[in-house]
Amino acid sequence: MIIVVTGASGPAGQAAVRRFTGEGHTVIGVDRSGDHGMPVEQPDQVEGRGDHPVKHDHRQVDLLDFDAVKNLAESIGAEHGRVDGVVHLVGGWRGSKTFAETRLEDWDLLHDLLIRTLQHVTLAFEPLLAASERGRFAIVSAKAAERPTQGGAVYGTAKAASEAWTLAFADALKGTASTANILVVKALVHDGMRAANPEKRFPGFTDVDDLAKAIDGLWDTDVNGTRLDLTHE
């Protein structure tokens, strides 16, 4: 499969890249900058299923630039002829102690990170996903969208808006072989967090590798426009 992972250099993105390349799929990782040792617009050869090398292509694209995102989709379509999945893992968090201390500057930041990038990616890749034989689109949301705290007003609102946009995208994909779904977590945890806080238990958190497994599982179901809750206590 040809799978695009946006936010590929973050912990969740790296887990998704590992998962899909390990299964032999071609992964196109997208970030605003090519850090974390990943080459920019240069393919890595990694060992896939059956020891056949598969390409991990890392692209540097500003997802706030709609023309750049459209060019990315067009170039991937021209190069590979199709897209089988887009996993949108661009994230961010801002909050305050109280509602009165909310900074609207934080809303501006989260609007761009959590909503605007999602809008650009879905609008640009919609033709490729709609034409796919079994395309999948996924975002990660948070329980905060359902029960926002006073200090999490901007974050909860941004997550709720991103869910609404994704559900609208799912409606647009009805009648095709593709789907769009939301995976809900309390928060994510990875090995670096555990190493930095060895005494902390992270109750209810979802490991990034478990998230990647759940995303992979979307190809085993035809559900569309659903919120899949990955939280556990």
Side-chain angles (χ1 to χ4, degrees), residues 2-18 20-21 25-44 55-94 103-130 132 135-142 154-155 157-166 168-169 172 180 182-183 188 190 208 211-212 215:
I2 309 300
I3 300 174
V4 178
V5 178
T6 56
S9 65
Q14 292 180 56
V17 169
R18 285 194 303 270
F20 289 116
T21 55
H25 305 306
T26 293
V27 178
I28 300 159
V30 181
D31 276 294
R32 192 168 185 172
S33 60
D35 53 4
H36 295 273
M38 297 289 189
V40 176
E41 295 184 346
Q42 296 294 327
D44 280 344
K55 186 167 70 172
H56 171 209
D57 191 357
H58 197 84
R59 309 283 181 99
Q60 180 179 353
V61 178
D62 182 359
L63 296 180
L64 293 175
D65 182 339
F66 188 36
D67 287 337
V69 181
K70 287 192 295 183
N71 288 338
L72 171 69
E74 290 170 0
S75 68
I76 293 172
E79 180 178 355
H80 298 283
R82 71 183 200 276
V83 166
D84 302 296
V86 178
V87 184
H88 188 63
L89 297 174
V90 177
W93 183 87
R94 288 293 187 276
R103 289 166 40 89
L104 293 182
E105 294 86 349
D106 290 341
W107 165 255
D108 294 338
L109 174 67
L110 292 182
H111 172 271
D112 283 349
L113 285 175
L114 303 183
I115 304 170
R116 186 64 76 195
T117 62
L118 171 64
Q119 292 172 329
H120 288 172
V121 168
T122 50
L123 289 169
F125 280 91
E126 188 270 343
L128 286 166
L129 285 171
S132 174
R136 296 293 180 263
F137 178 84
I139 67 164
V140 178
S141 188
V154 292
Y155 179 72
T157 302
K159 280 296 189 182
S162 68
E163 288 195 16
W165 185 272
T166 301
F169 186 39
I182 301 159
L183 291 90
L188 295 172
H190 54 84
V208 292
L211 171 66
I215 295 170

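Bear in mind that the values here come from a model prediction, so they are computed numbers and not experimental data.
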Ser75 side chain to Leu72 main-chain N or O, any donor-acceptor pair under 3.5 Å?
yes
Trp165 and Ile115: CA distance, side-chain angles, deciding distance, side chain to side chain contact (heavy atoms under 4.5 Å, CB included) verdict
CA-CA 8 Å; Trp165 185 272; Ile115 304 170; 5.8 Å; no
With a 4.5 Å limit on heavy-atom distance, are the side chains of Thr26 and Asp57 in contact?
no
Can any side-chain N or O of Lys159 pair as donor or acceptor with the backbone N or O of Val140 at less than 3.5 Å?
yes
Please answer whether the main-chain N or O of Ile2 pairs with a side-chain N or O of Asp84 as donor and acceptor at a distance below 3.5 Å.
yes
So, taking the atom named CZ in Arg103 and the one named CG in Asp108, what distance separates them when rounded to the nearest 0.5 Å?
10.0 Å
Please check: side-chain N/O of Thr117 versus main-chain N/O of Leu114, any donor-acceptor pairing under 3.5 Å?
no
Do you know which two heavy atoms are closest between Gly7 and Val90, and how far apart they sit?
N-CG2, 3.9 Å
Could you tell me the separation between the CG atom of Asp67 and the NE2 atom of His120, rounded to the nearest 0.5 Å?
9.0 Å
What's the spacing between Ile76 CD1 and Ile28 CD1 if we round to 0.5 Å?
4.0 Å
Residues Ala138 and Leu183: closest non-hydrogen pair is CB-CD1, 3.8 Å
Under a 3.5 Å distance rule, please check whether Asp106 uses its side chain to pair with a backbone N or O of Arg94 as donor and acceptor.
no
If the test is side-chain contact (heavy atoms from CB on, under 4.5 Å), which one of Thr21, Val87, Val4 qualifies with Val27?
Thr21
Work out which heavy atom in Ala142 is nearest to a heavy atom in Tyr155; give both atom names and the distance.
CB-OH, 3.6 Å
If I compare all heavy atoms of Ser162 with all of Leu118, which pair ends up nearest, and what's the gap?
O-CD2, 3.4 Å
So OG1 of Thr166 and CD1 of Ile139: to nearest 0.5 Å the spacing works out to 3.0 Å
Ring geometry between Phe137 and Phe169 (parallel below 30°, tilted from 30 to 60°, perpendicular above 60°)
perpendicular
Distance from Asp31 atom CG to Arg59 atom CZ, nearest 0.5 Å?
13.0 Å
Checking His58 against Val17 for the side chain to side chain contact (heavy atoms under 4.5 Å, CB included) test, could you report, in this order, the C-alpha distance in whole Å, the side-chain angles of both residues, the deciding distance, and whether it holds?
CA-CA 10 Å; His58 197 84; Val17 169; over 6 Å; no
State, to 0.1 Å, how close Gly92 and Leu113 come at their nearest heavy-atom pair, and which atoms those are.
CA-CD1, 4.2 Å
Atom NE2 of His88 and atom CZ of Phe125: how far apart are they, to the nearest 0.5 Å?
11.0 Å
Taking the side chain as every heavy atom from C-beta outward, state whether Leu64 and Arg32 have any pair of such atoms under 4.5 Å apart.
yes
Taking all atoms of both residues into account, what is the closest heavy-atom pair of Ala158 and Leu110, and its distance?
CB-CB, 4.1 Å
